[in-house]
Protein chains: 2
Amino acid sequence: MLLRLPGLIDPHVHLREPGSPHKEDFGSGTAAALAGGFTAVLAMPNTQPPLTDQASLALAQRAAQSKAYCDYALYLGAGVENVDSAIEQSHQVCGLKMYLDQTYGSLRLDSLNVLYDHVSKWPHTKPIAAHAEGISLAAILLLAGLHSKPLHICHVSRKDEIILIRAAKEKGYPVTCEVTPHHLFLSEEDIPHIGANRSEVRPRLATKKDQQALWDNLEFIDCFATDHAPHTLEEKDSDNPPPGFPGLETALGLLLTAVKEKRLSLEDLMARMVTHPRRIFHLPEQPETEVQVDTGASWEVRAANFHSRCGWTPFEGMKLRGKVRQVTLRGNVVYKDSEVRASAGYGMDLMFAN
Amino acid sequence: MLLRLPGLIDPHVHLREPGSPHKEDFGSGTAAALAGGFTAVLAMPNTQPPLTDQASLALAQRAAQSKAYCDYALYLGAGVENVDSAIEQSHQVCGLKMYLDQTYGSLRLDSLNVLYDHVSKWPHTKPIAAHAEGISLAAILLLAGLHSKPLHICHVSRKDEIILIRAAKEKGYPVTCEVTPHHLFLSEEDIPHIGANRSEVRPRLATKKDQQALWDNLEFIDCFATDHAPHTLEEKDSDNPPPGFPGLETALGLLLTAVKEKRLSLEDLMARMVTHPRRIFHLPEQPETEVQVDTGASWEVRAANFHSRCGWTPFEGMKLRGKVRQVTLRGNVVYKDSEVRASAGYGMDLMFAN
């Protein structure tokens with residue numbers, strides 16, 4: 001059966017540009033997005049250099065403008081040095097990204113003073129997206145609440161965290177959140193067959209109990225986000241494996257398989273992959289845009305067939321239901337029969353769409 | 001001039017019993033309290049063993065009952081193991097103490113899950129007192145706010161922390177706080193003359209800017225608390241100096257000197273050393289209780305004259321105004337002319353006063 005969906009939105013991808021085009025760039029990353037049914041991706045700022053000022057942001061903007069096949073927007077990174085200047089870039093980005101816990105890159109913030117000032121000075125008009133686990137999550141919720149700033153919690157992975165977000169939502173805190181397919185479909189029990197090195201990801205794969213708590217609290221999860229974080233196989237299999245999984249080309253298949261298994265409704269999926277991310281990040285509608293999915297097709301995950309440059313996936317060999325056949329973006333067929341049909345640079349920066 | 005004050009209350013002392021009577025015990029510690037003008041002290045649970053269950057609490061209760069010269073109450077410690085049982089001891093203690101940051105002893109909590117459960121299960125009737133610096137402070141404020149539990153922040157020492165508490169108070173969060181004399185009167189600039197080892201204290205001595213912020217925000221500081229944390233000179237001068245200062249016998253002199261210098265009013269002092277701690281910790285009035293202070297007397301701090309067992313002070317040699325001449329507790333003169341007149345065990349546990 002052919003299912004016609006609106007273009008999906010992924011609010012959390014790492015396209016590795018500027019700095020690490022051997023892992024991914026705006027071309028390969030947005031090709032992977034189209035292959036996965038996404039017509040818009042929001043790209044994270046923990047690049048090299050990190051996107052914390054006009055000069056670094058311009059590097060990413062130029063790369064994206066010349067290479068992107070699908071639409072996109074960029075996050076600004078919150079650093080120690082741009083507390084006062086971040087607001088100057090706020091109209092060009094989809095949000096301010098804060099790293100409160102250990103991850104890949106150099107943007108980690110651990111001082112109350114800096115967090116407080118970033119939250120108080122950032123405008124109300126764009127969300128603050130936070131990598132905040134455990135106690136850090138409670139802290140950033142307080143700061144967002146005190147300053148009435150919209151807060152989006154990235155890749156929630158543990159029971160205590162979704163319970164806390166649920167409690168904060170019930171008390172009226174201005175918070176939304178996202179969960180990744182890998183935290184919904186993998187747990188620490190999968191580490192042996194994925195391999196310890198390749199399983200490195202932040203937040204880490206959690207327990208079965210944590211995983212179940214995410215499914216049990218789906219009502220409080222606003223978005224699905226891949227946290228597409230490509231590293232090459234060589235890097236993952238090295239002595240110091242960087243954390244991160246690719247995710248753009250498996251997310252829809254995993255979630256449609258869950259729909260097939262009745263763990264999720266198609267409406268649940270659409271809300272979390274289209275309407276909620278569009279509302280939270282104030283993204284414009286993409287006119288004449290459609291994804292055609294063959295819901296009857298089953299396929300086996302093979303990283304060798306990916307458009308992503310990283311060459312591996314933790315879901316290798318998994319059998320999934322639902323295959324993207326064709327993507328139309330703003331009136332043009334941009335992806336068909338496993339091939340990108342758009343020209344490089346067709347993708348628009350959605351923050352400059354008007 | 002002879003000033004007649006109500007008995008002072010110190011909401012934060014370490015009397016080292018059970019476990020370390022060579023540093024202090026309920027006898028020497030409450031003698032030091034009377035010498036400092038305090039007729040009630042609230043004793044912290046990071047003893048050996050820590051006070052986290054009925055058996056350990058009973059050890060401290062028995063020691064206090066047989067030795068204390070002034071009135072007192074005990075805190076229960078929040079540990080990983082007593083999340084479900086803490087409530088059973090709540091009627092016997094003045095509050096639940098949580099350690100969210102590094103300090104002396106083994107009670108540190110660093111899991112969101114455990115913090116969340118402690119805050120949600122502890123009754124509304126007694127405060128939760130927290131050692132919570134920086135990001136931990138923001139986290140515990142959120143949890144107390146979500147569960148509407150009264151929260152008392154111990155020994156606030158830095159500008160960003162008092163600013164955050166001020167913002168939370170202005171938003172109606174159920175929070176009170178205390179500041180120590182050593183953070184009001186010492187800063188990191190005093191470390192060279194005190195000596196690096198002896199200056200070890202948690203929270204650390206802060207910057208002059210932090211110190212000034214405490215004075216500037218006196219309005220938002222509910223209590224003065226000594227955080228009397230005696231260690232012997234031998235321990236402090238060892239290769240691994242434990243953190244902590246004694247404080248009971250210098251607090252009033254330091255603060256009355258500030259009154260003399262018009263940095264503080266006597267009303268400010270009384271509110272923070274009598275009425276506020278009594279209200280926050282639901283302490284009964286101590287009838288027929290009075291402290292006589294010679295406000296004209298100036299004296300030089302000499303640890304050799306202290307009743308505390310630790311034998312040193314970071315304020316050694318400082319010239320202060322205001323000397324405690326006599327203390328009357330519940331109708332009896334318990335301290336006069338530098339000597340304790342009460343018999344051991346005269347002090348009452350204020351949680352069993354009715």
Side-chain angles (χ1 to χ4, degrees), chain A residues 80 83 98-102 108-121 128 130-149 151 153 156-175 203 206-207 209-210 213, chain B residues 80 83 98-102 108-121 128 130-149 151 153 156-175 203 206-207 209-210 213:
Chain A
V80 174
V83 169
M98 286 187 174
Y99 291 90
L100 282 78
D101 290 286
Q102 193 223 342
R108 182 165 177 188
L109 301 175
D110 56 8
S111 131
L112 171 62
N113 182 39
V114 173
L115 285 175
Y116 187 96
D117 287 349
H118 264 304
V119 175
S120 66
K121 293 179 183 194
I128 292 167
H131 178 151
E133 303 179 48
I135 287 175
S136 305
L137 170 60
I140 195 69
L141 279 167
L142 178 90
L143 296 177
L146 284 181
H147 295 290
S148 305
K149 297 290 165 81
L151 175 68
I153 302 297
V156 179
S157 65
R158 289 196 295 266
K159 181 177 179 179
D160 55 359
E161 295 164 350
I162 193 65
I163 294 291
L164 184 66
I165 290 167
R166 176 182 178 151
K169 284 186 169 206
E170 289 172 342
K171 282 271 185 177
Y173 279 69
V175 62
T207 65
K209 200 172 156 188
D210 290 317
Chain B
V80 174
V83 169
M98 287 188 174
Y99 291 90
L100 280 80
D101 291 285
Q102 191 223 345
R108 183 167 176 185
L109 302 176
D110 56 9
S111 130
L112 172 61
N113 182 38
V114 173
L115 284 176
Y116 187 96
D117 286 349
H118 264 303
V119 174
S120 66
K121 293 179 182 193
I128 292 168
H131 177 152
E133 303 179 49
I135 287 174
S136 305
L137 170 61
I140 195 69
L141 279 166
L142 178 90
L143 296 176
L146 284 181
H147 295 290
S148 305
K149 297 289 165 81
L151 175 67
I153 303 297
V156 180
S157 66
R158 288 194 296 265
K159 181 177 178 177
D160 55 0
E161 294 164 351
I162 193 65
I163 295 291
L164 184 65
I165 290 168
R166 175 182 178 153
K169 285 187 169 204
E170 289 172 343
K171 283 269 185 178
Y173 279 70
V175 61
T207 65
K209 200 172 156 187
D210 289 317

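Computation of the quantities below employed the complete heavy-atom set of this structure, encompassing side-chain atoms and omitting hydrogens, waters and symmetry-equivalent molecules. Residue numbers start from 1 in every chain, and the chains themselves are labelled A, B, ... in the order their sequence lines are given, proteins ahead of strands.
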Honestly, the part of B:Leu115 sitting under 4.5 Å from a heavy atom of chain A is side chain

Sort A:Ile140 into side chain, backbone, both or neither according to what part of it lies under 4.5 angstrom from a heavy atom of chain B. neither

What are the two closest heavy atoms between B:Lys171 and A:Leu146, and how far apart are they? CE-O, 2.9 Å

In this structure, which one of A:Leu164, A:Ile135, A:Leu141, A:Leu142 forms a side chain to side chain contact (heavy atoms under 4.5 Å, CB included) with B:Leu143? A:Leu164

Flag the pair A:Tyr116 / B:Asp160 as yes when at least one side-chain heavy-atom distance between them is below 4.5 Å, and no otherwise. no

